[in-house]
Amino acid sequence: TLIAASGSMELALQTNLKSMFGLKDFDFVSEIQTDPFVMVVKADSPFKTMADLEAKGRKGPVSVAGFGADSDEHLVAADLAKQHNFAITWIPYSGGSKAITAVLGGNVEAVLTNLSQTVPLVEGGKLRIIGATTAQPIDNPGAPSFASMGYKNMVRSLWRGFIAKAGASKEQIEALSKAFEKLPNDPDYVKYTKRVHITIKYLGPEEFRKSVEASMKGSASELSLLGH
C-alpha cells in the first residue's frame, strides 16, 4: 500500500502514535517536495506585522489555528511564542484549509500553515503573511522571514513524499521511486510548484529514510514545547 506522507508523521510517531507504529513499520519510497510554514492573518487584521501579534500576545494569548495538535505547525507556533516571549492558544483543525477558513471567518486571530495553501488567498487580497520559515524574505507574495526578525533555528519546511507498509520488495520500492524521480522533469508539475513556492526535492529510498531519522532526532528535543 502506497501512502502519501508528510513531516507531520515524525511528531505523530513520537507522540500519539508512539505505542502503535515506528519507522520499522514503513518502507520509504521517495521524498518529492518541501513546503515552508507561514503565519498568516486576515487582510484587515490589526496585526500588520509579526511585532503586532507579539505585542498582543504579551498582554494575553493570541488564538492561532493550524493542522492538528502535536503537529509540525503546532511546534513551530509554540517555538515562535517561546523565543519572543508571547502567549498563544493553539486551535487545532483537521486540515490547514479549515484553519484558513476559521481566520477568514474571524473565529481565530492567525493561522500557522504551509505557504502553498495561502498563496492564492494572499494574491487575492484575502490574507496577509506576517512571517515565513524561509532563509530569506519571499518577494512574491511578500513575506518577511522569521530569521530576519531574530528568531533562531526558524528555517524549516514540511517535507512531503511517499512511503509504503513494510514488506514490499526492493524491486517494487525502486520501481516506484524511479517513477517519482521523473517529477522534476514534468513541466506542469514544475509550473505548479513555482506558482505556490513549493521546493522540488527528490530523495530516493535510503536517503529519504536517513533524512527522516535525522529529523526525528532533532525534533525529539523540541517535544517539551508541546508539553511532552
Side-chain angles (χ1 to χ4, degrees), residues 1-38 66-76 92-99 112-120 133-135 155-223 226 228:
T1 302
L2 193 63
I3 305 166
S6 74
S8 293
M9 74 173 282
E10 295 177 12
L11 289 179
L13 291 176
Q14 296 177 84
T15 54
N16 58 309
L17 296 181
K18 186 175 181 179
S19 64
M20 295 179 281
F21 300 103
L23 291 182
K24 62 179 175 56
D25 296 305
F26 303 99
D27 289 327
F28 285 73
V29 179
S30 298
E31 179 177 330
I32 61 169
Q33 60 182 227
T34 62
D35 194 354
F37 299 99
V38 290
F67 167 67
D70 295 343
S71 61
D72 276 9
E73 291 85 344
H74 188 184
L75 181 60
V76 171
Y93 281 82
S94 60
S97 59
K98 291 184 178 180
L112 197 295
T113 189
N114 295 114
L115 174 59
S116 63
Q117 291 188 303
T118 68
V119 171
T133 62
T134 50
V155 178
R156 56 179 78 182
S157 295
L158 182 80
W159 59 258
R160 296 191 182 98
F162 291 89
I163 60 176
K165 182 179 178 181
S169 69
K170 183 178 180 179
E171 291 75 19
Q172 288 174 317
I173 295 298
E174 289 181 349
L176 288 168
S177 185
K178 286 187 178 297
F180 289 120
E181 191 175 8
K182 297 176 182 178
L183 278 175
N185 299 316
D186 183 314
D188 290 334
Y189 180 68
V190 172
K191 182 179 180 180
Y192 163 74
T193 57
K194 287 183 176 180
R195 182 172 64 82
V196 296
H197 295 276
I198 283 173
T199 298
I200 297 174
K201 182 184 178 183
Y202 169 80
L203 291 180
E206 190 59 29
E207 290 178 303
F208 186 17
R209 175 179 285 279
K210 289 180 178 179
S211 176
V212 172
E213 289 174 345
S215 182
M216 285 183 68
K217 288 180 180 179
S219 62
S221 63
E222 299 178 310
L223 290 176
L226 304 179
H228 294 280

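Along the sequence shown, residues are numbered consecutively beginning with 1. Side chains included, hydrogens not; waters and symmetry mates left out as well; all remaining heavy atoms used.
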Sub-3.5 Å donor-acceptor pair from the side chain of T133 to the main-chain atoms of F37, do we have one?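 Answer holds: yes.
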
Verify, without hydrogens or angle tests, whether D25 (side chain) and A166 (backbone) share a donor-acceptor contact under 3.5 angstrom.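 Absent.
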
Pairing residues for D35 by the salt bridge (Lys or Arg N to Asp or Glu O under 4.0 Å) criterion, not counting sequence neighbours: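 Here the qualifying residues are R160.
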
Just wondering, do [Y] and [X] contact through their side chains at under 4.5 Å, heavy atoms?
X	Y	answer
Q117	F67	no
L183	Y202	no
T15	L226	no
I200	V190	yes

Gap separating the [atom1] atom of [X] from the [atom2] atom of [Y], nearest 0.5 angstrom:
X	Y	atom1	atom2	value
L13	K24	CG	NZ	10.5 Å
L75	E222	CG	CD	4.5 Å
I32	L203	CD1	CG	11.0 Å
I173	S30	CD1	OG	8.5 Å
T1	D27	OG1	CG	11.0 Å

Shortest non-hydrogen separation from [X] to [Y] and the atoms involved:
X	Y	answer
F208	E31	CD2-N, 3.5 Å
P120	S116	CD-O, 3.9 Å
V29	L176	CG1-CB, 3.7 Å
L115	V196	CG-O, 4.1 Å
S177	G204	OG-CA, 3.9 Å
M216	Q14	O-OE1, 3.4 Å

Kindly indicate, with the supporting measurements, whether the criterion side-chain contact (heavy atoms from CB on, under 4.5 Å) is fulfilled by L23 and F28. CA-CA 9 Å; L23 291 182; F28 285 73; 3.7 Å; yes

Apply side-chain contact (heavy atoms from CB on, under 4.5 Å) to the pair M9 and F21, showing each step before the final yes or no. CA-CA 10 Å; M9 74 173 282; F21 300 103; over 6 Å; no

side-chain hydrogen bond (donor to acceptor under 3.5 Å, both in side chains) contacts in which one or both residues fall within residues 203-218, not counting sequence neighbours: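 Qualifying pairs, neighbours excluded: E10-S215.
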
Examine the side chains of S8 and S71 and answer whether a donor and an acceptor come within less than 3.5 Å of each other.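 Checked: S8/S71 side chains show no N/O donor-acceptor pair below 3.5 Å.
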
Go through it in stages, so that I can follow the logic: the residues are Y189 and T193, the test is side-chain contact (heavy atoms from CB on, under 4.5 Å), and I'd like the CA-CA distance, side-chain angles, deciding distance and then a yes or no. CA-CA 6 Å; Y189 180 68; T193 57; 3.8 Å; yes

Yes or no on side-chain contact (heavy atoms from CB on, under 4.5 Å) for H197 and V38, after CA distance, side-chain angles and deciding distance? CA-CA 12 Å; H197 295 276; V38 290; over 6 Å; no

